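Values below: every heavy atom of this structure, side chains too, minus hydrogens, waters and symmetry copies. First listed ligand is number 1; within each ligand, the first listed atom is number 1. Computed from a prediction, not measured in an experiment: that's the story for all the values here.
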Amino acid sequence: MKLLLIGSGGREHALAWALAKSPKLTKLYAAPGNAGIAKLAELSDLDVSDHEAVIEFCRRKEIDLVVVGPEAPLVAGLVDDLEDAGIKTFGPRKAPAQLEGSKAFTKGVCDEAGIPTAGYGRFDTADAALAYVREKGAPIVVKADGLAAGKGVVVAMTPDEAEAAVNACFEGSFGAAGAEVVIEEFLEGEEASFFVLSDGTNALPLATAQDHKRAYDGDEGPNTGGMGAYSPAPVLTAPLVDDVMKRIIEPTISTLAKRGTPFKGVLYAGLMMTADGPKLIEYNTRFGDPECQVLMMRLKSDFLELILASVEGRLDKVSADWREDPALTVVMAAKGYPGSYEKGTEIKGLDQLSADDLEVFHAGTKEDGGRILANGGRVLNVTAFGRTVGEAQKKAYDAVSRIDWPEGFCRTDIGWRAIARETQG
Ligand code: AMP
Ligand code: GLY
C-alpha cells in the first residue's frame with residue numbers, strides 16, 4: 001500500500017516508524033515530515049491546509065491511505081474532503097473532531113451520555129462568566145472553548161486569577177477560540193491518558209500513558225506540549241480501564257454514532273483519577289505527542305492493519321498486542337521553549353546511538369548537507385524500554401547524555417510518579 005502521513009512531530013516519526021514495519025507498506029510519503037521521518041519516507045512540501053492540493057497529490061501518487069497525525073487538519077475538515085473525494089483516510093471527520101475542537105461540545109456529549117466529568121458552566125459573555133466565578137469561588141478552571149495549542153486552560157487557585165483568565169479570553173487572547181468560555185469545577189487527583197481506536201461503532205482499547213506537561217523538573221514552570229511520557233501508566237489499573245471503557249469511552253462512541261457523526265480514528269481521553277473514580281478532563285481526537293512515541297514502541301501488532309480496521313469498520317475482528325515492558329521517552333527541547341528559542345543549531349552524536357530497545361524519534365529537526373539542525377521547540381524524543389520504568393528512564397538518560405547539543409535541554413525526572421511507586425513497592 002502507498003501511504004501519505006500528515007504531520008512533522010515526534011508523534012509522526014513514531015507513526016512512520018510503526019507503519020514502516022508493516023509488510024503491507026510499499027511506499028510512504030510524508031508532508032511536511034522532519035529529518036527523522038526522511039529516513040523512512042519521501043518528504044513533500046505539500047501545503048496540507050490546501051485540501052484540493054492534497055487530493056491532487058493523492059491522485060497523482062496513487063495513495064491508498066492517508067494518515068493524519070495532528071489535530072488542526074482534522075478540525076479543518078481534511079478527512080471530510082479526502083473521503084468525499086474517494087480517498088481512504090485514517091482520522092475523524094470535522095463534526096466528531098469537535099470532541100477536541102470545542103470543549104463545550106464535549107461537555108454536551110458528557111451531559112447527553114451521563115459521562116463522569118467536572119461540573120461546568122459555558123458562557124459567551126464576560127459578565128455572565130465572572131458572575132459564575134464569583135458564585136463558585138476558587139480553585140476553578142477556566143477554558144477557552146476552541147483550539148488554543150494547549151494554552152487555553154487556566155487552573156486558577158484564586159478568584160482573581162480566574163477573573164483575569166476570563167477577561168483574557170473575552171479580550172481576544174485566544175482569538176476565536178476564546179469567544180466562548182467553559183468554567184469547570186477543579187478536580188483533584190492524578191492524571192493519566194488512555195487511548196482507543198474506534199471505527200465509528202466499535203472501540204478497541206490501546207494503552208495507557210502519562211505525560212509531563214510542565215517545562216521543568218518537579219512539574220514546575222510553564223505548560224508545554226509535553227516534556228516526556230511513559231506507558232503503561234500504573235495508576236490506570238486494569239479494573240479502572242474497564243470502568244473507563246464502560247462509563248466514558250463506549251457512551252461517547254455510541255452517542256456520536258446516534259447523532260449521525262460517528263467517530264473514527266484515535267480517541268485520546270485525558271482522565272483525572274479522583275476519589276470518586278476516573279473522570280474525563282478532555283478529549284483529543286489524535287494520538288498524544290509524546291505519548292504516541294511510547295505507545296508505538298510497545299505495540300507488537302501490525303499498526304497498519306489496526307488503522308485499516310478502523311477505516312474499514314472492522315475493529316471488532318482485530319486485537320492489539322503490546323510488550324509488557326514499560327517504555328519511556330524524554331523530550332529534548334530548544335533552550336527557551338515553550339517561550340522563544342533559537343532555530344538552526346546543530347545536533348551531533350545521533351548516529352552512534354543505535355541500540356536494542358532505544359529509538360530517537362525526531363520532532364523539530366531538519367537535515368542540511370548531512371548535518372541535523374534543530375528546527376522547532378520540541379526537537380528529539382529519546383525513547384527506551386526497561387523491565388521497570390526506572391530502568392527505561394536510566395537507558396533514556398544515558399542516551400541523552402551522549403547527544404551533543406549545547407542549545408538543548410530536557411527534564412531530568414521523567415517517570416517520577418511511576419518510579420516512586422516502584423521504589424515503594
Ligand atoms: P485540557 O487542555 O483540558 O487537558 O487542560 C490542560 C490541563 O489543565 C490538564 O491536563 C489538567 O492538568 C488541567 N485541568 C484541566 N481541567 C481540569 C479540572 N477540571 N480540574 C483540574 N485540573 C484540570
Ligand atoms: N502530550 C499532550 C498532547 O498531545 O496533547
- Which atoms of ligand 2 are found less than 4.0 Å from any heavy atom of E291? 1 (N), 2 (C), 4 (O)
- Message: Does the structure place the NZ or CZ of R298 under 6.0 Å from the centre of the six-membered ring of F385, at an angle of no more than 45° from the ring's axis?
- Response: no
- If you draw the axis of the six-membered ring of F105, does the NZ or CZ of R259 fall within 45° of it and under 6.0 Å from the ring centre? yes
- Query: If you measure from the Lys or Arg side-chain nitrogens to the Asp or Glu carboxylate oxygens, is any gap between E342 and K335 under 4.0 Å?
  - Reply: no
- Task: Give a yes or no on whether a salt bridge exists between D357 and R323, defined as a side-chain N under 4.0 angstrom from a carboxylate O.
- Result: yes
- Message: Quiz question: by atom type and distance under 3.5 Å, do the side chains of D111 and Y120 form a donor-acceptor pair?
- Response: yes
- Message: Please tell me whether S8 and N34 have a donor and an acceptor in their side chains that are separated by less than 3.5 angstrom.
- Response: no
- Note on the structure: Note: E188, heavy atoms under 4.0 Å from ligand 1, region reported as neither
- Message: Could you check whether any heavy atom of R286 sits closer than 4.0 Å to an atom of ligand 2, since that is the contact criterion I want to use?
- Response: yes
- Message: Side chain or backbone, does L187 bring an N or O within less than 3.5 Å of an N or O on ligand 1?
- Response: yes
- Counting only heavy atoms, which portion of R378 has something under 4.0 Å from ligand 2: side chain, backbone, both, or neither? neither
- Item | Test item, K103 contacting ligand 1 (heavy atom, 4.0 angstrom) | yes
- Message: Heavy atom to atom 4 (O) of ligand 1, shortest distance: which of R214, E100, E282, E184 holds it?
- Response: E282
